[in-house]
Amino acid sequence: METRYNSKDVEARWHKTWAENNSFAPSGKGEPGALHLGHALNDTLQDILVRYRRKTGRDTLWIPGTDHAGIATQAVVEKRLFQDEHKTRHDIGRDALVERIWKWKDEYEARITKQLKSLGVSCDWSRQRFTLDPVCAKAVRHAFFNLFKKGLIYRGKRLVNWDTKLQTAVADDEIYYEHVKGHFWTFKYPLADGSGFIPVSTTRPETIMGDTALAVHPNDERYAQFIGKMLKVPFVDREIPVIADAILVDKDFGTGSVKVTPAHDPNDYATGLRHKLPMINIMNDDGSLNENAGKFQGLKGQAARDAVVAGLEELGLLIKVEDHEMDVGHSDRSKTVIEPYLSDQWFVKMDVLAENAMNAVKSGEIKIIPERYANKYLDWLAEKRDWCISRQLWWGHRIPIWHTDASEDELKAAFAGRDDIYFYKAENGGYLVCSQEEDLKEDAIPGRVLKQEEDVLDTWFSSGLWPHSTMGWPENTDTLKRYYPTSVLVTSRDIITLNMGTVPFHTVYIHPKILDGNGQTMSKSKGNGVDPMDIEEKYGTDALRFVMASLCTDNQDVRLPVKKEKQPDGREINTSEKFEIGRNFSNKLWNACRFLYPQLEQAGALAAELPMDKSLFALEDKWILSRLQTTIKDATRMLEEYHFAELAGFLYRFVWDDVCSSYHRRKEERHGYSQLRAEERARLAPPGDAVHYRRAQQHFVPGQRNGDQPRMAQGRRIAHRREDRSRIRPGIRRGGKRAWRAWPLQREPRHQAQRRGERRRCRNRSQCEGLHGYHHRTLGSF
RNA sequence: GGGCGAUUAGCUCAGUUGGUUCAGAGCGUCUGCCUUACAAGCAGAAUGUCAGCGGUUCGAAUCCGUUAUCGCCCACCA
């Protein structure tokens with residue numbers, strides 16, 4: 001064996017073993033693209049939990065997989081299509097694009113699977129799933145149908161976040177804000193009767209053609225006389241009222257008047273609803289101004305803005321232009337400005353569902369760890385904002401709805417006796433027909449046309465169903481009966497999962513976010529991201545996993561100082577000195593095993609034949625056994641409480657201080673190992689010690705059974721507590737003198753110990769069995 | 001503006017009821033060792049107004065109040 005732990009060699013052997021045995025069985029959700037450090041953290045924690053449960057005799061299931069990441073994936077493939085062939089998705093059509101995305105998906109799925117496997121996660125790979133698999137698609141359809149039938153899904157024109165490049169609605173959390181320098185234009189809004197004007201300021205003059213009111217504060221004396229009067233919208237000569245609204249208007253801000261554009265601003269939209277104002281959409285899907293914008297039709301973005309401002313100036317309406325800084329929402333995927341946009345979308349009503357989810361948290365049915373996040377989650381749920389589930393994409397689960405202008409009688413006649421079909425009247429005429437199982441034919445209703453909905457569902461709709469769908473729901477499969485509901489959702493702070501119906505897990509563990517040394521979020525664009533694969537390459541998987549676990553405190557963020565480093569192959573990678581601790585620990589375990597192997601080999605044969613007498617154990621044997629007991633107990637508690645960093649630290653100290661610096665050291669001293677050759681040492685090794693070693697090692701470094709390196713960074717870690725330290729005092733780290741001080745025995749001259757020859761044997765069968773039972777029980781409970 | 005978190009050694013962080021070796025660990029630094037499991041190691045050393053101020057207490061890194069700085073979330077940004 002090498003004196004250093006060579007992670008590459010060892011890991012190569014392990015992956016082979018795992019592959020052949022298919023020995024691991026898995027809940028988890030994968031992600032597209034490449035693994036980043038957050039995934040490594042998340043998956044390490046899940047793996048620790050899964051291995052812990054499995055080792056303590058639980059029937060565990062961890063299903064690996066990936067979601068289809070609708071927007072992200074389609075955006076990537078569309079971009080590629082354009083770069084390679086200068087074509088848009090409309091050039092090749094829905095089917096062809098979807099086909100291309102499937103191909104790309106196969107690539108990234110293969111990559112992510114490979115990376116997950118190299119992380120050593122113990123999922124059941126035979127059950128690997130993808131959210132667009134037929135079994136998942138079926139679950140999605142059933143879930144949608146159920147909600148639809150309960151009246152919890154509706155379609156309507158609502159203001160949504162619109163990505164004008166990808167031309168789809170996007171979720172709030174798919175938007176990032178950029179602080180930009182803009183302008184604040186103040187202009188005259190002329191009264192319709194020509195008797196004067198009201199000054200108004202805006203950051204978005206180009207939306208003026210969509211104005212349907214001008215709001216002032218009801219208590220603002222300056223404008224009291226104008227309330228109820230009509231104004232004339234420049235360029236389009238439409239008349240709009242002056243209204244009073246205390247919610248929208250802050251009379252001390254700007255001019256104290258606000259132009260109201262309900263179709264293009266969330267607050268204006270709300271105001272429009274309050275005052276029942278018309279909502280005039282002046283934009284096309286691509287963000288260009290439409291026919292409602294009059295002479296500005298066809299202009300887009302900055303050009304539209306400039307033209308409108310120039311127009312206002314021409315009309316003599318412009319009063320002043322000021323600099324103004326503001327946060328502007330951008331789409332994560334296309335990096336373009338997000339427009340609030342009025343469009344037909346599908347929504348899930350959240351009032352009842354949110355109430356259920358809140359109750360589940362309040363009652364303790366779902367436990368959120370750390371607890372402080374429970375309030376945040378409740379606050380978030382309390383808003384009960386309806387969830388926009390439609391996306392104008394081609395990649396995803398197509399909404400199982402068919403539009404028709406058939407009458408209710410015709411529908412009833414066509415679908416009589418069908419409980420897999422449900423329909424209701426749409427907001428804007430016609431009927432919406434939902435089919436649970438099969439796609440409907442265009443001519444399913446004689447004389448009428450059925451047209452399938454073009455939109456697909458938000459990816460979250462399907463990934464939120466992961467615990468159900470991967471286990472075969474809605475069929476009542478054996479897997480579902482056996483494993484549902486699941487135990488734990490391990491997630492990052494910003495991902496909030498919705499549950500639709502039953503409670504899918506009893507615990508949500510929220511792990512910290514890894515930042516760089518300057519407290520910055522790691523990202524590709526900043527170039528400060530650490531690639532877990534680079535760390536595996538440089539320090540080994542165990543090191544990576546150990547450090548991931550030891551970073552995982554109760555904090556909201558943890559910092560990982562990042563430094564650039566040139567590799568031998570010329571590649572520059574981001575790495576961190578933090579990982580050295582993991583590598584060093586791997587090496588320590590490796591060498592502890594090298595110390596023990598000769599003795600273990602002896603013990604293997606002897607233990608089977610010889611009875612063992614516990615009373616003949618040397619003091620240090622009893623001591624280390626007692627240490628083992630308390631560390632097992634405490635480590636178990638830490639696992640139960642999700643204290644991963646604490647756990648990693650305790651096990652580190654147990655192995656390094658107690659086992660190596662104290663116990664092994666003592667063995668060396670007692671038997672004068674340092675003067676002997678390896679073979680002789682093996683011969684002298686007391687079987688009692690060796691049996692213990694064997695048990696202990698199988699326990700926390702089980703790799704050694706195969707004559708291989710310990711897989712320590714997993715979950716079977718052992719630690720001691722502070723109060724124990726005060727009793728036995730091994731808390732003092734390292735060091736000869738300090739380690740000795742840790743001993744429960746008086747130090748004695750070496751020759752005395754040797755003279756007494758504290759070798760032990762198993763003297764009788766019953767005692768030996770007792771010992772084995774003792775070991776079994778305690779080890780098994782971990 | 002509202003809520004949450006953080007501030008402890010040069011760096012990254014522990015410190016779970018206020019109390020005994022509670023002022024700690026790793027990394028880094030300095031000194032000496034290639035001692036037969038481990039130089040990715042071993043033996044030693046230096047390093048702190050526990051952010052500031054005030055309070056409670058026999059006793060405070062720990063509890064309370066307050067200020068400052070940093071971060072996160074939510075709302076607002078016409």
With both distances under 3.5 angstrom, what nucleotide forms a Watson-Crick or G-U wobble pair with [N]?
N: B:rG24; answer: B:rC13
N: B:rG65; answer: B:rC53
N: B:rG1; answer: B:rC74
N: B:rC30; answer: B:rG44

What's the closest nucleotide to the [X] side chain, out of [options]?
X: A:Pro561; options: B:rA37, B:rC73, B:rC11; answer: B:rC11
X: A:Arg637; options: B:rC42, B:rG28, B:rU16; answer: B:rU16
X: A:Asn587; options: B:rG26, B:rG41, B:rC38; answer: B:rC38
X: A:Lys588; options: B:rC27, B:rC38, B:rC73; answer: B:rC38
X: A:Asp327; options: B:rG26, B:rC77, B:rC42; answer: B:rC77
X: A:Trp656; options: B:rC73, B:rG41, B:rA37; answer: B:rG41
X: A:Glu580; options: B:rC38, B:rC73, B:rC27; answer: B:rC27
X: A:Asn584; options: B:rC76, B:rC11, B:rG41; answer: B:rG41
X: A:Arg559; options: B:rC42, B:rC13, B:rG71; answer: B:rC13

Between [N] and [M], how far apart are the two [atom1] atoms, rounded to whole Å?
N: B:rU8; M: B:rA61; atom1: P; result: 15 Å
N: B:rC73; M: B:rU67; atom1: P; result: 24 Å
N: B:rC76; M: B:rG52; atom1: C1'; result: 32 Å
N: B:rG18; M: B:rC58; atom1: P; result: 16 Å
N: B:rC64; M: B:rG24; atom1: C1'; result: 26 Å
N: B:rA46; M: B:rC30; atom1: P; result: 16 Å
N: B:rU21; M: B:rG54; atom1: C1'; result: 31 Å
N: B:rA9; M: B:rA14; atom1: C1'; result: 13 Å

Is the [X] ring parallel, tilted or perpendicular to the [Y] ring (thresholds 30°, 60°)?
X: A:Tyr377; Y: A:Trp380; value: parallel
X: A:Phe585; Y: A:Trp656; value: parallel
X: A:Tyr341; Y: A:His264; value: tilted
X: A:His324; Y: A:Phe184; value: parallel

Grab the [atom1]-[atom2] distance between [X] and [N] for me, whole Å please.
X: A:Leu381; N: B:rC73; atom1: CG; atom2: P; answer: 18 Å
X: A:Asp557; N: B:rC13; atom1: CG; atom2: P; answer: 9 Å
X: A:His664; N: B:rC38; atom1: NE2; atom2: P; answer: 13 Å
X: A:Lys376; N: B:rG2; atom1: NZ; atom2: P; answer: 19 Å
X: A:Trp590; N: B:rG41; atom1: CH2; atom2: P; answer: 16 Å
X: A:Asn591; N: B:rC42; atom1: CG; atom2: C1'; answer: 13 Å
X: A:Leu589; N: B:rA37; atom1: CG; atom2: P; answer: 17 Å
X: A:Leu515; N: B:rA6; atom1: CG; atom2: P; answer: 15 Å

Considering only heavy atoms and no angle criterion, is a donor-acceptor pair shorter than 3.5 Å present between the side chain of A:Glu646 and the base of B:rU16?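 Such a pair exists between side chain and base.
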Specify the residue among A:Ser550 and A:Glu577 whose closest nucleotide of RNA chain B lies further upstream toward the 5′ end.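 It is A:Ser550 whose nearest nucleotide is closer to the 5' end.
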Please figure out whether A:Asp379 or A:Asp172 has its closest RNA chain B nucleotide nearer the 5' end.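 Looking at RNA chain B, the more 5' nearest nucleotide goes with A:Asp379.
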For A:Asp268 versus A:Thr261, what's the shortest heavy-atom pair and its separation?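 Nearest pair, atom of A:Asp268 first, then A:Thr261: OD2-N, 2.8 Å.
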Could you tell me whether [X] contacts a base, only the sugar-phosphate backbone, or nothing, with contacts defined as non-hydrogen atoms closer than 4.0 Å?
X: A:Val260; result: nothing
X: A:Thr553; result: sugar-phosphate
X: A:Phe184; result: sugar-phosphate
X: A:Asn267; result: sugar-phosphate
X: A:His324; result: sugar-phosphate

For B:rG41, take OP1 and OP2 only and decide whether either is under 4.0 Å from a side-chain N or O of A:Arg665.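 Checking A:Arg665 against B:rG41: no side-chain N or O falls below 4.0 Å of OP1 or OP2.
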Report yes if a side-chain nitrogen or oxygen of A:Trp380 is closer than 4.0 Å to either non-bridging phosphate oxygen (OP1 or OP2) of B:rC4; otherwise report no.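 Answer no for this pair, as no side-chain N or O of A:Trp380 is under 4.0 Å from OP1 or OP2.
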One thing to verify: whether A:Asp658 and A:Arg627 come together as a salt bridge, which I'm taking to mean a side-chain N less than 4.0 angstrom from a carboxylate O.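 Yes, charged N to carboxylate O under 4.0 Å.
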Whether the side chain of A:Thr271 engages the backbone of A:Leu248 through a donor-acceptor N/O pair (distance < 3.5 Å, no angle test) should be reported.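 A pair under 3.5 Å: no.
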Using modelled atom types and a 3.5 Å cut-off, is there a donor and acceptor pairing between side-chain atoms of A:Asp250 and backbone atoms of A:Asp252?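 Confirmed, A:Asp250 side chain pairs with A:Asp252 backbone.
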